[in-house]
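See below for the structure under consideration.
Letters A, B, ... mirror the listed sequences (proteins, then strands); counts begin at 1.
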Amino acid sequence: MKYAPREIELKWQKLWEEQNTFTVKEDSEKEKYYLLEMFPYPSGKIHMGHVRNYTIGDVIARYKKMRGFNVLHPMGWDSFGMPAENAAIEHGIHPSKWTNENIEAMRSQLKRMGFSYDWDREISTCEPQYYKWEQLFFIWMYQKGLAYKKRGTVNWCPHCHTVLANEQVEAGLCWRCQSEVIEKHLDQWFFRITDYAEELLEGCNTLPGWPERVLTMQKNWIGKSYGCEIEFPMADSKDVIKVFTTRQDTIYGATFMLIAAEHPLTTRLAEGKPQEKVVRDFVERVKKQDRMMRTSDYYEKEGVFLGAHCLNPVTGRKMPIFAANFVLADYGTGCVMAVPTHDQRDFEFADKYNLPKIVVIQNPENPLSEESMTEAYVDEGLLVNSGPFTGRKNLQALEDIAEHLESIGRGRKTVEYRLRDWGISRQRYWGAPIPIINCGLCGSIPVKEEDLPVVLPKEAEFKGEGGSPLAQIESFVKTICPKCGGPATRETDTMDTFVESSWYFDKFCSPHHNQKPGLEKSKVDYWLPVDQYIGGIEHAILHLLYARFFTKMLRDLGVLTVNEPFTNLLTQGMVCKETMKCPTHGYLFPHEVKEGICLQCGATVAVGKTEKMSKSLKNVIDPTHLIDRYGADTARMFCLFASPPERDLEWSDMGVEGSFRFINRIWRIVMEYLSDIRRIESFNETGHLEGDLKMLQKKYHQTIRKVTIDIEERFHFNTAISAVMELVNVLYQIQRPSGDDVKSLSVIRKAIETVIILLFPIVPHVTEELWDIIDGEGNLSGKSWPVYDPEIAREEKITIVIQVKGKVRSKIEVDADEDDDTIKERALSDERVRLYTENKNIKKIVYVPKKLINIVVT
RNA sequence: GCCUGGGUGGCGGAACUGGUAGACGCAAGGGACUUAAAAUCCCUCGGUCCUUGCGACUGUGAGGGUUCGAUUCCCUCCCCAGGUACCA
């Protein structure tokens, strides 16, 4: 019998489906385990990133099930988003048709991979029965002040008359028409995530199951800093300018004031002054500069004098006020006190505009002087020129200076966060409508709860220009005010798609529950939090932070009980492949190249560097071909074997072949022994074994140990698979016992069964089939995970490495329970060691018990 | 730019908390089987050098440091990747 992957896989997939193997219900008898992979955007086809993500998840789901957990493993579709709208613009297909066809295609691809999803729980976020509840949450948030409207900036293409996403802006130009993109200010909806900044930050300390780096990134993103808000009185009026600083220790050195170009104060101060026009031009120019570049250390610092002065509150010094390109309007107060001697950006600015510098922190090693400084001194030191604080260490005076400012009524200690509120307004069609009605008399009034959902109207025109398609549908826009009954218009902004993905894991717990608030408390409480969440590292900040925020927000609305949505997080790396480029035809898909030759023109193809698989570089592998050729089991095994999950995975055709060969190798050894072991009981682990059999027994106990640890503790499936490969290699190596040697055959059977069971979560189809062939009854899906005997798995002999001056010179083999003194003695008297120690002084002997001995000689 | 990771043979990777660098697989080379090929099974496989040995030296992006001992810890630098708030 030959290994026929397709046949086997379809057979078992059908059986699992018929027997509802993966359907789950709440069960108070069993410990629950909620395993979740980030649901996909239905772009059309699954890609290798999905295959990898979902294979990792499936292995854990199946493993946990074998460990006796009640496993929830759902799948759904993050089905709102820009690509659907772009397809509508380019090909005239309605976004819902495009999306649903993609879902159909991708669902069948996922089913073909044999993933153990409970498909009864499938959800699609673009369906009204899903976004209805999101709209309800929006209304509740609005009522609590957590959703609000304010002016925000967007990328605007003046030619297309439309808002562009950041990725639609290429080098400052519109991706469709190459017009120069400008900033436009629109009234937009925001979620007040900053209300939760402190809790989100604190929460990072309650998530030991998250990768440290993700927590670090989130903490930095929230960016808490302790500082001081200081008031600088205007020189010629009663007004004040407020600044936020973390460096109040340098206040005595503040010699001028900087304001963000976009700050309303900038134009107000310059109004009616000779420099008004210059200032306006400057503001317009800065607005076009890239935000990222503006704050870069290397970017040219620029500014313009506003014709006004303020006073330093502690020195009384008259400080000129400038607008500057590197000051951000939405961090702190949008105004910065400039201390050129101790801030590099201020230093450069002062040099450029010839502004005064005063040293207030003295470098203890190399005294500073204003005239000779070539850069700002940003390290610690002693305060000078600082009134009563002169002579103190600068860091130790921070607190006292803040208190001094408070006492003179010119400042207060504050905490500042870098985190900004979440702008959720999108001027697009394919998203959940914001359930608000704008009334000329009553303002923004939420849609009545009983009128939800606000359904996205089907009829819309997709032109890619002229703004949001929704705004042009009169029947949608025109409505009446729920408060006064007068004529009103609907909000035509839709919600950011990150909103849907902020609570989909809640919905999976009770997917069919259709009563307020859309989530059934008892079920949500049973399943949440997600025990293991798996997804790409690219979501480390935004998606994960928004989902955490939403969880806390829904908790405060009484909908959820948990504080954090995801107990454990596994972030997987990207799938990469080298690019191929033909001199005339540009980037080529792998199937357009054969043996390094472009199939279109016969030219030699240049192999480029390895990059993340993307459609534009055409360095993609369609998993379908892989499945057709080798089967789902090989595809699954390759993804896992190639590298550990958190690392990037580099594509290799050869590696796939190797995984396929390994599965065949298992298949063959089972077939070879089949007639001998079919009717034999597997070894019951009693009785004494000798020679090869003893070695084999030890090996499979060790293999169970290794695979269990690798899956349970580290999700390192690559090394788990290696361990099973070693066991299979041993099976091939041992002398085949005769057909009537029942005891030996029973040990072999046990070893073979171990291989099959250990690999079941990884390659479920072929292992089910093999189990069925040798066992003939029951299926593996219900089996429990094998156990090992630590005593049998223990090595009896260990190797002690002997180093002389840190270099390996010899090795000795000793009994595992040999006492340390004997080991040392044997090491010192070792023949090869003596070659290196003879006639030398032994200065020191380092002994690492049961491992290594290092003899230091002089 | 900023934040966060990563860099180990020809290649993917292994090495749990500072203790034998290169498990396992791929590629390559050799052998067995075969009329032959494929498939399969077995062996070799970081580099340099020589006196070819149970050999010496060298080797984990580069350069320093700590240590009896560093892929692992510290400092400086180079390269690559992810995120950077409207891609998801």
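Between A/E90 and A/R176 there is a salt bridge, with a side-chain nitrogen of the basic residue lying less than 4.0 Å from a carboxylate oxygen of the acidic one. Taking a cutoff of 4.0 Å between a charged side-chain nitrogen and a carboxylate oxygen, A/R345 and A/D343 qualify as a salt bridge. Taking a cutoff of 4.0 Å between a charged side-chain nitrogen and a carboxylate oxygen, A/E85 and A/R426 do not qualify as a salt bridge.
Listed pair A/R714 / B/A15 meets the phosphate criterion, a side-chain N or O lying under 4.0 Å from OP1 or OP2. Between A/N166 and B/A85, a side-chain N or O to OP1/OP2 separation shorter than 4.0 Å is present. Distances shorter than 4.0 Å separate none of the side-chain N or O atoms of A/R418 from OP1 or OP2 on B/U84. Applying the 4.0 Å criterion to OP1 and OP2 of B/U20, one finds that A/K811 has every side-chain N and O outside that range. Taking 4.0 angstrom as the limit, A/K706 places none of its side-chain polar atoms (N or O) nearer than this to OP1 or OP2 of B/C24. Listed pair A/R661 / B/A27 meets the phosphate criterion, a side-chain N or O lying under 4.0 Å from OP1 or OP2. At the phosphate of B/C42, OP1 or OP2 sits under 4.0 Å from a side-chain N or O atom of A/R665. Taking only side-chain nitrogens and oxygens, A/R420 never comes nearer than 4.0 Å to OP1 or OP2 of B/A85.
Anti is the glycosidic conformation of B/G83, whose angle departs from 0 by more than 90°. By the rule that a glycosidic angle within 90° of 0 means syn, B/C54 counts as syn.
One side chain, A/N729 or A/R665, offers a donor N or O that lies under 3.5 Å from an acceptor on the other.
Using a 4.0 Å heavy-atom criterion, one finds that A/Q188 contacts the bases of the nucleic acid, with or without backbone contacts as well. A/Y417 comes within 4.0 angstrom of no nucleic acid atom, judged by non-hydrogen atoms across all strands. Among the heavy atoms of the strands lying under 4.0 Å from A/Q803 is at least one base atom, whether or not backbone atoms are also near. Backbone-only contact: A/R809 has heavy atoms under 4.0 Å from sugar-phosphate atoms and none from a base. A/V808 comes within 4.0 angstrom of the backbone, heavy atoms only, and of no base.
Minimum atom distance to the side chain of A/T799 is reached by B/U20, of the listed B/U20, B/G82, B/G19. Side-chain proximity of A/N854 to the nucleotides B/G69, B/C24, B/G12 is greatest for B/G69. Distance from the side chain of A/L419 is smallest to B/A85 among B/G82, B/C68, B/A85. Distance from the side chain of A/N220 is smallest to B/C3 among B/C16, B/C3, B/G12. Taking the side chain of A/N729 as heavy atoms from C-beta on, and the options B/C26, B/G25, B/U20, the nearest nucleotide is B/G25. Checking B/C87, B/G55, B/G83 against every side-chain atom of A/E538, the shortest atom distance belongs to B/G83. Comparing B/A85, B/G83, B/G13 by their closest approach to the side chain of A/R647 singles out B/G13.
Comparing the P positions of B/A14 and B/G25 gives an interatomic distance of 15 Å, to the nearest angstrom. Straight-line distance between the C1' atoms of B/U8 and B/G61: roughly 10 Å, to the nearest whole Å. Nucleotides B/G46 and B/U60, compared at atom C1', are 11 Å apart to the nearest Å. On the P atoms, B/C45 is 10 Å away from B/A23, given to the nearest whole Å. A distance of about 13 Å separates the P atoms of B/C16 and B/A21, rounded to the whole Å. Taking atom P in both B/C79 and B/A85, the straight-line distance is 24 Å, to the nearest Å.
Ring orientation note: the planes of A/Y131 and A/F80 are tilted relative to one another, at an angle of 30° to 60°. The aromatic rings of A/F498 and A/H543 sit parallel, their planes meeting at an angle under 30°, below the 60° perpendicular limit.
Note: CZ (A/F641) to P (B/A23) measures 12 Å, nearest angstrom. One atom, CG of A/L542, and another, P of B/C3, lie 18 Å apart when rounded to the nearest Å. At whole-Å resolution of the value, CG in A/N102 and C1' in B/A88 are 14 Å apart. The CE atom of A/M574 sits 6 Å away from the P atom of B/G82 (whole-angstrom rounding). Between A/I222 atom CD1 and B/A85 atom P there is a gap of 17 Å when expressed in whole angstrom units.
Rounded to the nearest 0.5 Å, atoms CG (A/D830) and CD1 (A/I812) are 6.5 Å apart. Rounding to the nearest 0.5 Å places CG of A/L544 at 9.5 Å from OG of A/S502.
The cationic group of A/R736 lies under 6.0 Å from the six-membered ring centre of A/Y673 and within 45° of the ring axis, placing it in a cation-pi geometry. Geometrically, A/K805 does not engage A/Y836 in a cation-pi contact, judged by NZ or CZ lying under 6.0 Å from the ring centre and within 45° of the ring axis.
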*Using Watson-Crick or G-U wobble pairs with both distances under 3.5 Å, give me RNA chain B in dot-bracket, 5' to 3', with [ ] for crossers and | for pairs to another strand.*
(((((((..(((......[....))).(((((.......))))).(((((..).))))..(((((..]....))))))))))))....
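The stretch residues 77-87 of chain A touches RNA chain B through A/D78, A/G81, A/M82, each having a heavy atom within less than 4.0 Å of the strand.
Checking A/W77, A/Y504, A/W503 one by one against A/Y130, the ring pair (Phe, Tyr, Trp, His ring centres under 6.0 Å) holds for a single residue, A/W503.
Between the side chain of A/T194 and the backbone N or O of A/R420 there is no donor-acceptor pair closer than 3.5 Å.
Scanning atom types as modelled, one donor and one acceptor separated by under 3.5 angstrom connect the side chain of A/Q427 and the base of B/C86.
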